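A note on names: the letters A, B, ... follow the listed sequences, proteins ahead of strands, and every chain is numbered from 1. Predicted model, so just to flag it, every value in this text is computed and none were measured.
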Protein chains: 2
Amino acid sequence: MATEHTGTGDPARSLALLWRSAAPAPRRGPRPGLDVDRVVAAAVALADAEGLGALSMRRVAGSLGVAPMTLYTHVPGKAELVDLMLDAVLAELYADGPVTGDWRQRLTAVARANWELFVRHPWAVRIGAGRPPLGPGVLAKYEQELRAVDGTGLTEVQMDLVVTLVNGFVAGTVRGLHDRAGAERESGVTEEQWWAATAPYFARVFDADRYPTVARVGPVAGAELQAAYDPVRTFEFGLERLLDGIGLLIVG
Amino acid sequence: MATEHTGTGDPARSLALLWRSAAPAPRRGPRPGLDVDRVVAAAVALADAEGLGALSMRRVAGSLGVAPMTLYTHVPGKAELVDLMLDAVLAELYADGPVTGDWRQRLTAVARANWELFVRHPWAVRIGAGRPPLGPGVLAKYEQELRAVDGTGLTEVQMDLVVTLVNGFVAGTVRGLHDRAGAERESGVTEEQWWAATAPYFARVFDADRYPTVARVGPVAGAELQAAYDPVRTFEFGLERLLDGIGLLIVG
DNA sequence: CGGGCCAGAATACGGTGTACGGAGAAACCG
DNA sequence: CGGTTTCTCCGTACACCGTATTCTGGCCCG
């Protein structure tokens, strides 16, 4: 499983690819049998199906029926491909139109939309986006999310901070969801099996006198959250707390 | 840059290593020139210095002056080594004693302690811990953090949820910090250089009429947050909002 | 003393991204 | 029309990765 970084390589080339504003199609030479959109779509499909760890140039090329080096005719490198993938899936957000309602409803919708996107594309949350691909998907997302907190009396800086906060919350929470799913997929061992295998040995090393609060809270939380599917419960619980806190900022 | 997963391999072996409760040292055979602690320390030092992407068995072995396969005498595999590394650094938390004060002060201290740990060990936040290494470091952390919200009137489940929420918030925010630092380290291009290279092309594709809110908010937030070092500001701002929200739950 | 145990390491294999250069197709231009 | 240029595609190679397997040599124990 790999974490990829955005924002590498030549900015001009990357932005041209993101906005599909590269030079006009060449006039000479053989007609291409492949284009950027198809490469990106194949890569997204592979990552969706098998996770970011399965995303190799060889695998993407194989799924397109071409040689690995062929991909480099269309994208400068793997990192740039990942930029393109991320921007492509972010473009799915708010495709049905902007979020509506009062500020709380709008922020709730923003959080849920992002959550659902990362559920559809688990790999997307793994991408270190310190230098986001400034493509149409990213810009549309940022625009719609800023609008969700527009007209609330927040300053521009506060608006940006709230949007960043909600995004960070969702990303962090959905990571928990995927960490569990990823561990299962990569090991082929379900959580129940893992715990069944681990618990006997854990019981041997765990000293309730040394960790009294864990001994009290752990079994109760474990029993209840196991049933309620912990990362989702965490999301719902956390979103309420976060919105309450943001509400104090907006409403006072 | 790799994201590693915790919780793989044989649970018995992993737990024995985590708690250093493996069978007594063998009596026969050559005296080991190496032990688990030294392997873990070398791996932590390498990851601290160069990030998780530089963490290969060959590199760790090289820093210890041994052949790569030698490491496998001491740890079953790379995944288990990563478990050990994570547990080792988490053991640094609250080493000076538990957090004190009222519930808000305690949670603030928990958040800050975690933030500072991840600043010291940036790689630690990259580890998908869906199946946490249940070693002394992880257990001590969980114990202290549960104590920070003990006696507040929250149920055991709520305690666990609040601890998870705060941890997720810190992890998500510090990732932003590291995403930026990581992009710079891997590309050798500072953020200013990157923006200087990107901005001219971005200006060409960016249409203010299509993204009016971004056009209004972006420059203001960018100017102010650039100076205030955005991920830290996000952390401070977000922590206040989050604590306000948790406060409504605790105090009503 | 000799056999067995054990740490260490050499070798090899299957996997990764991509540099480099060649082959062949298609367009351009004199 | 033919030579040159442009362009897509891809084979080969290299440096890197984790680790399976087997061999070597040191040390303990009966």
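- Across the protein-nucleic acid pair, Leu64(A) atom CG and dT8(D) atom P stand 16 Å apart, rounded to whole Å.
- Here the side chains of Asp160(A) and Tyr142(A) are in contact, with some heavy-atom distance below 4.5 Å.
- Atom pair Asp35(B):CG and dC6(C):C1' shows a separation of 16 Å (rounding to whole Å applied).
- Among the nucleotides dG18(D), dG8(C), dG17(C), the one closest to the side chain of Tyr72(B) is dG18(D).
- Using cut-offs of 30° and 60° for the angle between ring planes, the Phe235(A) and Phe169(A) rings count as parallel.
- The side-chain contact (heavy atoms from CB on, under 4.5 Å) search around Thr190(B) returns Glu184(B), Glu192(B), Gln193(B), not counting sequence neighbours.
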Can you check side chain to side chain donor-acceptor pair (under 3.5 Å) on Tyr94(A) and Glu143(A), steps first, answer last? CA-CA 10 Å; Tyr94(A) 319 116; Glu143(A) 175 69 21; over 6 Å; no
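- Separating the CG atom of Leu71(A) from the P atom of dT16(C) is a distance of 13 Å, rounded to the nearest angstrom.
- Residue-to-nucleotide proximity on DNA chain D shows that, of Pro76(B) and Thr73(A), the 5′-proximal contact is made by Thr73(A).
- Phe118(A) pairs in a side-chain contact (heavy atoms from CB on, under 4.5 Å) with only one of the listed residues (Thr173(A), Val174(A), Val89(A)), which is Val174(A).
- For the pair Arg38(A) (side chain) and Gly33(A) (backbone), a donor-acceptor distance under 3.5 Å is present.
- Side-chain to base pairing of Arg58(A) with dG17(C): one donor and one acceptor N or O lie within less than 3.5 Å of each other.
- Side-chain N/O atoms of Thr70(B) include none lying less than 4.0 angstrom from OP1 or OP2 on dA7(C).
- Along DNA chain C, the nucleotide nearest to Ala67(B) and the one nearest to Pro68(A) differ in position, and the one closer to the 5' end is contacted by Ala67(B).
- Separating the CZ atom of Arg38(B) from the P atom of dA7(C) is a distance of 15 Å, rounded to the nearest angstrom.
- Judged by distance alone, the side chain of Arg180(B) and the main-chain N or O of Glu191(B) form no donor-acceptor pair under 3.5 Å.
- In this structure, Trp194(A) contributes its side chain and Pro11(B) its backbone to no donor-acceptor pair below 3.5 Å.
- Comparing dT8(D), dC9(D), dG17(C) by their nearest atom to the side chain of Leu34(A) picks out dC9(D).
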Counting primed atoms, P, OP1 and OP2 as sugar-phosphate and everything else as base, the B/S/- map of nucleotides 20-30 of chain C against protein heavy atoms under 4.0 Å is B---BBBSS--
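- In this structure, the nucleotide among dG18(D), dT16(C), dG8(C) sitting nearest to the side chain of Met57(B) is dG18(D).
- Direction change of the helix axis from one end of the helix from dC1(C)-dG30(D) to dG30(C)-dC1(D) to the other is 20°, with five pairs defining each end axis (rounded to 10°).
- Atom CG of Leu17(B) is separated from atom CG of Asp83(B) by 9.5 Å, given to the nearest 0.5 angstrom.
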